[in-house]
Amino acid sequence: KLKAFIFDLDGVITDTAEYHFLAWKALAEDLNISFTRELNEELKGISRMDSLEKILQFGGKEQEFSEQEKLELATKKNEHYVELINKITPSDILPGIEKLLRDIKQANLEIALASASKNANMVLEALKLKDQFDYIVDVTKIKKGKPDPEIFLKAAELLKVDPSSCVGVEDAIAGVEAIKSAGMYAVAVGPKSSFQKADLVYETTEALSFKEIKERFEE
Ligand code: G6P
Ligand code: MG
């Protein structure tokens, strides 16, 4: 039986995935590494330091920086990112999300956030959505990032529901993989071709339908 929804944040609730991309792209260009939207798909859902490692690998520069320098690079990216998102307001909530959250609550189901971002609390506050979530997983306490299922399993544990009663909503390939490894039902947002592993795919957040997800989950 369906009991809870667990949401990713960036690219699902709001379009901060675009700002992560722009900030990483600027950093990559500073390092003379060419960085495309296609490569960016591999970064979605991945933690800050793991993302930096991937970018350095794309450029063949993973050996060139000390741990201290890597921390500085990641901090630089984050400062740029924070600057880019400092103007976000509730008008930046993606279409269809507020209705979906309302429909979930109306059906008396639980809602949690499973975001890999250390900025998640700040973003949810700026969107004025914090009250809609029963739990927000503290990513600083998670040992393994997506595609490991840990963050989704932690959310289910906090909600006190079995993973098999949960729907996870993601825009990242690593995220969908994490949801499936957690034994949950995976709803992906994005192009159908990218999400063979998802149980249900919506091209846009606007198309998300609580009724349809519930029916398909129960099939
Ligand atoms: C999410 C995003 C990633 C981002 C990561 C870490 O998973 O999808 O693009 O790099 O969070 O975010 P942070 O705000 O902690 O740097
Ligand atoms: Mg995402």
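Indexing begins at 1, ligand by ligand and atom by atom, following the structure's order. In this chain, residues are counted from 1 in sequence order.
Counting atoms of ligand 1 from 1 in the listed order, those under 4.0 Å from a heavy atom of Ser51 are 10 (O).
Annotation: ring pair (Phe, Tyr, Trp, His ring centres under 6.0 Å) contacts of Phe133 (sequence neighbours excluded): none. Under the rule for a ring pair (Phe, Tyr, Trp, His ring centres under 6.0 Å), the partners of Tyr81 that lie at least two apart in sequence or sit in another chain are His20.
Residues His80 and Lys76 have side chains not in contact (no heavy-atom distance under 4.5 Å, counting atoms from C-beta outward).
Protein N/O/S atoms found under 2.8 Å from the Mg ion (ligand 2), listed by chain and residue number: Asp8 OD2, Asp10 O, Asp171 OD1.
Atom 8 (O) of ligand 1 has its closest protein heavy atom at Gly45 N, 2.9 Å. Protein heavy atom nearest atom 15 (O) of ligand 1, with residue, atom name and distance: Lys118 N, 2.7 Å. At the top of the distance list for atom 1 (C) of ligand 1, counting protein heavy atoms only, stands Asp10 OD2, 3.3 Å. The protein atom (non-hydrogen) at minimum distance from atom 10 (O) of ligand 1 is Ile46 O, 3.2 Å. For atom 16 (O) of ligand 1, the closest heavy atom belonging to the protein is Arg48 NE, 2.7 Å.
Between Ser115 and ligand 1, no N or O atom pair is found at a separation short of 3.5 Å.
When non-hydrogen atoms are compared, ligand 1 lies under 4.0 Å from the backbone of Ser117 as well as from its side chain.
Look at Ala17 and you'll find every heavy atom at least 4.0 Å from all atoms of ligand 1.
Residue pairs satisfying the side-chain hydrogen bond (donor to acceptor under 3.5 Å, both in side chains) criterion with at least one member in residues 175-195, sequence neighbours excluded, are listed as follows: Lys180-Asp199.
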